[in-house]
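Only one structure is covered here, and it is reproduced in the block below.
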Amino acid sequence: MKDWIRFPKSSGECSRQAHADFPAGAPYEREVSRDGFFGPATHIHHRHAPTGWSHWQGNCRPRAYDLSRWPQHQNSLWQVQPILHNADCQLQFWTLSSSMQQLLRNADGDQLLFVHKGDGQLFCDYGELAFSEGDYLLIPRGTLWRIACKDEISLFAIEATDQRFSLPDKGIVGQHAIFDSNAIITAEINQYFLAQQDEESWDVEVKHNQQLSTIRYPFNPLDAIGWHGDVCALKINWRDIRPLMSHRYHLPPSAHSTFVADNFVVCTFVPRPFESDPGALKVPFYHSNEDYDEIIFYHHGEFFSRDHIYPGMLSFHPRGFTHGPHPKAYKNSFSQQHQQTNEVAVMIDTRKSMIATTEDEGLPNNIEWTGYVDSWKSHEE
Ligand SMILES: [Fe+2]
């Protein structure tokens, strides 16, 4: 994207720095941001909350989904209806009740699976990788894989369509910040992997251009005895993430980037202390992220900036409206009663607009919380 014309100016009453020491009579700072908080930006000081709308009509609206009510338990991820999708990524919520009886291969792109509930084993071309709640499993494009589990597991699936995941540029904080790449655990050829090799018939479901083909082998094709190289399935747990923070400045969500793809980014919000400076903002600032759609999957804890949002829910904020903290959270942020957040959430920001699957297209009934657009009301109370 071409850079915007740069000409920093100020007009009227404004603070000297972003997210701190707001002018009297205008408690609501809104950041108008280009390029997902990396690019040009202006901070506008409002008298009223930018989320204080009284009526909303039309398809471009904030949405929330309660995925814990998702009724479909599929043995193959390829059978699960995406919740949101575009040309660069698709998002699914997958509950698996028992071990998979077939192998999958995603020819469309890298597959990221965030483990919301349960534990199990990933068996793939590169060996065995045991996983548990809070792990990100990154499966390279083209990998043969299946999951074995004793009890039900839930996974939030993110596909990087026709592209790959990499790690964010860590800039001036250096390569060991956020998480040390030495904390990454890779699949291994081990006793569990060798023990699952058999001469039975196995089907491979290949997803290519979002369509399925099935390849049958008269033996288990996960039959490797070794490998070397730098393409491999891997995992990292949110507990290995050591978040960037400042006691005097509320960092933008981009500081919490975990994986980046060409046209979207995956961020992880993990527990961290609130800003302690009396003049510093302690909740996400009101913002118009003009070039990105924002999706958050809520995994664990209490979500300090959102009312009526619980683990297992997903919110979708398309570009085109200003969003920010809910009324109670904004009010509490000035009370100093909370020392830290205990939330764990996965955020996806997409450069291209996401398309929400409708109930006519297969979204299960009663998953969407249609009252979400009204959940910012009573801000002035
Ligand atoms: Fe946002």
Side-chain angles (χ1 to χ4, degrees), residues 70 72-96 99-116 120-129 131 135-149 153-167 184-187 193 196 202-217 220-224 227 229-236 258-266 295 297 346 348 350 352 354-355 357 362:
W70 195 278
Q72 303 165 0
H73 292 195
Q74 304 286 0
N75 201 247
S76 169
L77 178 59
W78 306 157
Q79 305 298 326
V80 179
Q81 186 70 41
I83 309 155
L84 297 160
H85 64 95
N86 68 14
D88 298 315
C89 73
Q90 64 174 10
L91 308 176
Q92 298 155 284
F93 186 73
W94 182 25
T95 297
L96 184 62
S99 295
M100 293 168 62
Q101 300 302 310
Q102 74 285 66
L103 292 155
L104 302 188
R105 172 181 282 152
N106 192 343
D108 288 329
D110 283 2
Q111 186 74 62
L112 191 61
L113 301 174
F114 179 77
V115 184
H116 178 53
Q121 294 164 290
L122 176 78
F123 290 102
C124 67
D125 281 320
Y126 308 100
E128 184 254 8
L129 186 59
F131 63 81
D135 280 333
Y136 283 105
L137 299 170
L138 178 50
I139 304 171
R141 185 179 195 168
T143 301
L144 275 185
W145 61 275
R146 68 180 177 89
I147 284 173
C149 56
I153 59 172
S154 299
L155 303 150
F156 179 55
I158 306 164
E159 178 188 279
T161 311
D162 203 25
Q163 53 193 292
R164 69 181 64 157
F165 286 108
S166 61
L167 298 180
I184 290 171
I185 297 172
T186 55
F193 184 70
Q196 59 87 53
W202 281 86
D203 283 351
V204 175
E205 295 179 1
V206 181
K207 186 169 77 68
H208 175 266
N209 289 337
Q210 308 300 344
Q211 297 193 330
L212 297 189
S213 301
T214 303
I215 307 169
R216 179 161 296 169
Y217 287 87
N220 183 349
L222 296 184
D223 63 350
W227 56 269
D230 54 9
V231 177
C232 180
L234 56 88
K235 71 171 184 177
I236 184 85
T258 308
F259 301 100
V260 294
D262 291 342
N263 281 322
F264 70 98
V265 60
V266 179
I295 300 103
F297 175 69
V346 176
I348 299 99
T350 66
K352 293 178 188 154
M354 292 294 270
I355 300 162
T357 300

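Counting from 1, the numbers follow the sequence of the chain as shown.
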Determine the minimum heavy-atom distance between Cys124 and Phe193, stating which atoms define it. O-CE1, 3.2 Å

Can you tell me if Glu205 and Thr214 form a side-chain donor-acceptor pair at under 3.5 Å? no

Qualifying residue for ring pair (Phe, Tyr, Trp, His ring centres under 6.0 Å) with His116, from Phe297, Phe156, Trp94: Phe297

Exercise: do Gln196 and Asn220 side chains pair donor with acceptor under 3.5 Å: yes

What I'd like to find out is whether the side chain of Gln102 reaches to under 4.5 Å of the side chain of Asn75, using heavy atoms alone. yes

Taking the side chain from Asp110 and the backbone from Arg141, do they hold a donor-acceptor pair closer than 3.5 Å? yes

Is there a donor-acceptor contact under 3.5 Å from the side chain of Asp108 to the main chain of Asn209? yes

Beyond-backbone contact of Leu144 with Leu222, side-chain heavy atoms, under 4.5 angstrom: yes

Nearest 0.5 Å, what's the CD-OG1 distance between Gln210 and Thr161? 5.5 Å

Sidechain-backbone polar pair: Gln101 side chain, Ser99 backbone, donor-acceptor under 3.5 Å: yes

Which heavy atom of Thr258 sits nearest to which heavy atom of Leu167, and what is that distance? O-CD2, 3.7 Å

Carefully, step by step, assess Ile348 and Val265 under the rule side chain to side chain contact (heavy atoms under 4.5 Å, CB included). CA-CA 6 Å; Ile348 299 99; Val265 60; over 6 Å; no

With a 4.5 Å heavy-atom cut-off, do Leu129 and Gln121 have their side chains touching? no

With rounding to the nearest 0.5 angstrom, report the CD1 to CG distance, Ile139 to Leu104. 8.5 Å

Rounded to the nearest 0.5 Å, what separates atom NE2 in His85 from atom OG1 in Thr350? 12.0 Å

Residue pair Ala157 / Leu77: nearest heavy atoms and the distance that separates them: CB-CD1, 4.0 Å

Show, in sequence, the C-alpha distance, side-chain angles and deciding distance for Val231 and Arg164, and conclude whether the side chain to side chain contact (heavy atoms under 4.5 Å, CB included) test is met. CA-CA 12 Å; Val231 177; Arg164 69 181 64 157; over 6 Å; no

Grab the two heavy atoms, one from Trp227 and one from Ala187, that are nearest each other, plus how far apart they are. CZ2-O, 3.5 Å

Criterion side chain to side chain contact (heavy atoms under 4.5 Å, CB included) on Trp145 and Leu113, from CA distance to verdict: CA-CA 12 Å; Trp145 61 275; Leu113 301 174; 4.2 Å; yes

Does any part of the side chain of Ile153, heavy atoms only, come nearer than 4.5 Å to the side chain of Ile147, both counted from C-beta? yes

Would Gln163 and Asp88 count as having a side-chain donor-acceptor pair, cut-off 3.5 Å? yes

Of all residues at least two apart in sequence or in a different chain, which pass the side chain to side chain donor-acceptor pair (under 3.5 Å) check with Asp203? Arg216

Would you compute the distance between atom CD of Gln79 and atom NE2 of His73 and round it to the nearest 0.5 angstrom? 15.0 Å

Could you report the tightest heavy-atom contact between Val206 and Ala107, atom names first, then the distance? CG1-CB, 4.3 Å

CD1 of Ile185 to NZ of Lys235, rounded to nearest 0.5 Å, is 4.5 Å

I'd like to know if the side chain of Arg105 reaches the main chain of Gly142, judged simply by a donor and an acceptor atom lying under 3.5 Å from each other, with no hydrogens or angles considered. yes

Test ring-ring contact (aromatic ring centres under 6.0 Å, His included) applied to Phe123 - qualifying residues, sequence neighbours left out: none

Answer whether the closest heavy-atom distance between the side chains of Leu91 and Pro82 falls below 4.5 Å. no

Find the distance between CG (Leu122) and SG (Cys149) and round it off to the nearest 0.5 Å. 11.5 Å

Test side chain to side chain contact (heavy atoms under 4.5 Å, CB included) on Asn263 and Lys352; report intermediate values, then the result. CA-CA 7 Å; Asn263 281 322; Lys352 293 178 188 154; 3.8 Å; yes

Taking all non-hydrogen atoms of both residues into account, name the closest pair between Met354 and Cys89 and its distance. CE-SG, 3.7 Å

Residue from Phe259, Phe93, Tyr136 passing ring pair (Phe, Tyr, Trp, His ring centres under 6.0 Å) with Phe114: Tyr136

Checking Glu159 against Asn106 for the side chain to side chain donor-acceptor pair (under 3.5 Å) test, could you report, in this order, the C-alpha distance in whole Å, the side-chain angles of both residues, the deciding distance, and whether it holds? CA-CA 9 Å; Glu159 178 188 279; Asn106 192 343; 2.9 Å; yes

Just so I know, are the side chains of Gln90 and Asn86 near enough to count as touching, which here means a heavy-atom distance under 4.5 Å? no

Using a 4.5 Å cut-off on heavy atoms from C-beta on, say whether the side chain of Thr357 contacts that of Ile83. no

